[in-house]
Number of protein chains: 2
Amino acid sequence: MTSADTLSTIFAALSDPTRRSILGRLATGELGVTELAAPYAMSLPAITKHLKVLEKAGLIRRGRSAQWRPCQLEAKALKPADDWISAYRKHWEETFDRLDEYLLEIQKDAAKGKKHGKGK
Amino acid sequence: MTSADTLSTIFAALSDPTRRSILGRLATGELGVTELAAPYAMSLPAITKHLKVLEKAGLIRRGRSAQWRPCQLEAKALKPADDWISAYRKHWEETFDRLDEYLLEIQKDAAKGKKHGKGK
DNA sequence: CTTTTATTTAACCTTTTGGTTAAATAAAAG
DNA sequence: CTTTTATTTAACCAAAAGGTTAAATAAAAG
């Protein structure tokens with residue numbers, strides 16, 4: 001059991017387009033596995049596996065209602081990922097640090113007369 | 001050339017702790033490959049591979065200065081990931097939406113007379 | 001030129017990932 | 001009970017990921 005750290009598990013779960021799509025669909029409300037699987041060109045067991053990955057990452061919660069196992073979005077599990085990325089937000093918003101500062105400087109020189117715009 | 005979509009490539013790049021650590025160290029400034037590799041218990045070729053993954057995701061940029069190939073953080077490449085997650089932020093901040101509200105309601109009701117649910 | 005320093009490429013190996021089909025299980029319905 | 005519906009598990013497979021060591025390349029230094 002190679003229990004990876006939380007952040008790795010979350011980012012890995014998000015690195016698959018099918019899984020991101022599933023989360024997107026669940027944002028509108030609960031869905032069962034078969035309903036969830038419908039739009040994708042893959043077998044049900046494949047979806048079951050994706051759901052397991054999402055569940056292990058804490059991104060969905062699963063209920064039970066008769067033979068259905070409805071999936072529910074657990075958006076707060078995204079918070080660690082959001083927090084991690086947040087630490088870098090200033091880097092692409094401000095752009096002021098170290099030699100970036102210098103780069104911006106010569107950029108401004110080149111763009112004399114232009115309004116202040118961040119980034120590109 | 002399996003060209004995966006941008007978001008998948010970014011999240012996949014972030015799903016490895018060594019790569020996240022590398023990005024963290026680069027936030028302080030440029031570093032060469034050998035310097036970058038120093039703290040990790042792995043070979044230089046392994047680091048080269050990680051850098052390639054980061055570069056393909058656009059998260060770092062590489063320069064050249066004599067025999068050194070300095071790495072620079074390209075934080076703005078995180079924006080698509082940040083934007084994607086942002087769409088879910090309200091879900092964990094508000095907590096009250098749609099049927100979540102209802103579900104929380106019946107959960108409270110059920111908890112009134114009931115003890116703990118069955119485990120696994 | 002030869003050597004040293006920095007980094008990459010090649011070849012290889014093991015584990016994980018993402019998918020498959022066939023069979024198993026769970027609960028409702030007939 | 002038997003069948004149907006919903007979902008999972010098992011067994012398998014190919015490709016990708018993450019690492020290794022040994023050899024190759026690039027540029028500076030002697």
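Order of the sequence lines sets the chain letters (A, B, ...), proteins ahead of strands, with each chain counted from 1.
If you measure from atom CG of B/D16 to atom C1' of D/dA16, you get 14 Å, rounded to the nearest angstrom. The interatomic distance linking A/E55 (CD) with D/dT8 (C1') rounds to 12 Å, in whole Å. Rounding to whole angstrom units, CZ of residue B/R64 and P of C/dT5 are separated by 19 Å. The distance from atom CD1 of A/I47 to atom C1' of C/dT20 is 13 Å, rounded to the nearest whole Å. Residue B/K56 contributes atom NZ, which lies 12 Å from atom C1' of D/dA17 at whole-angstrom precision. Here C/dA10 presents its C1' atom at 16 Å from CG of B/L44, a figure rounded to the nearest Å. Nucleotide C/dT17 holds its C1' atom 18 Å from the CZ atom of B/F11, rounded to whole Å. To the nearest angstrom, C1' of C/dT7 lies 15 Å from CG of B/L31.
Heavy-atom nearest nucleotides on DNA chain C were determined for A/Q67 and for A/A41, and the one closer to the 5' end corresponds to A/A41. Along DNA chain C, the nucleotide nearest to A/H50 and the one nearest to A/R69 differ in position, and the one closer to the 5' end is contacted by A/H50.
Within the 4.0 Å cut-off from OP1 or OP2 of D/dT9, at least one side-chain nitrogen or oxygen of A/K52 is found. Contact annotation: A/R62 side-chain N/O to D/dA6 OP1/OP2 distance is not under 4.0 Å. Checking the phosphate oxygens (OP1, OP2) of D/dA6, no side-chain nitrogen or oxygen of A/T34 falls inside 4.0 Å. Using a 4.0 Å cut-off, some side-chain N or O of B/R19 falls inside it from OP1 or OP2 of D/dG18. Considering only side-chain N and O atoms, B/T48 lies nowhere under 4.0 angstrom from the phosphate OP1 or OP2 of C/dT9.
Salt bridge annotation for B/R89-B/D82: present, with a cationic side-chain nitrogen under 4.0 angstrom from a carboxylate oxygen. Of the charged side-chain nitrogens involved, at least one lies within less than 4.0 Å of a carboxylate oxygen, so that B/D83 and B/K79 count as a salt-bridged pair. Using a cut-off of 4.0 Å between Lys/Arg side-chain N and Asp/Glu carboxylate O, B/K49 and B/D16 are scored as not salt-bridged.
In this structure, C/dC12 and D/dG19 make a Watson-Crick or G-U wobble pair, each of the two defining distances being under 3.5 angstrom. In this structure, C/dG30 and D/dC1 make a Watson-Crick or G-U wobble pair, each of the two defining distances being under 3.5 angstrom. Pairing partner, C/dT25: D/dA6, with both Watson-Crick or wobble hydrogen-bond distances short of 3.5 Å.
Backbone-only contact: B/A66 has heavy atoms under 4.0 Å from sugar-phosphate atoms and none from a base.
Picking from C/dG18, C/dA6, C/dA10 the nucleotide with the shortest atom distance to the side chain of B/P45 gives C/dA10. With distances taken from any side-chain atom of B/M42 to the nucleotides C/dT20, D/dT20, D/dA6, the minimum falls on D/dT20. When each of C/dG19, D/dT7, D/dT20 is scored by its nearest atom to the side-chain atoms of B/K49, the top-ranked nucleotide is D/dT20. Each of C/dT7, D/dA26, D/dT7 was ranked by its minimum atom distance to the side chain of A/W68; first place goes to D/dT7.
In summary, of the residues considered (B/L73, B/L26, B/I22), a side chain to side chain contact (heavy atoms under 4.5 Å, CB included) with B/L54 occurs for B/I22 alone.
Counting only distance, with no hydrogens or angles, the side chain of B/R69 and the backbone of B/R64 share no donor-acceptor pair below 3.5 Å.
Counting all heavy atoms, side chain and backbone alike, B/A75 lies closest to A/Y88 at CB-O, 4.1 Å.
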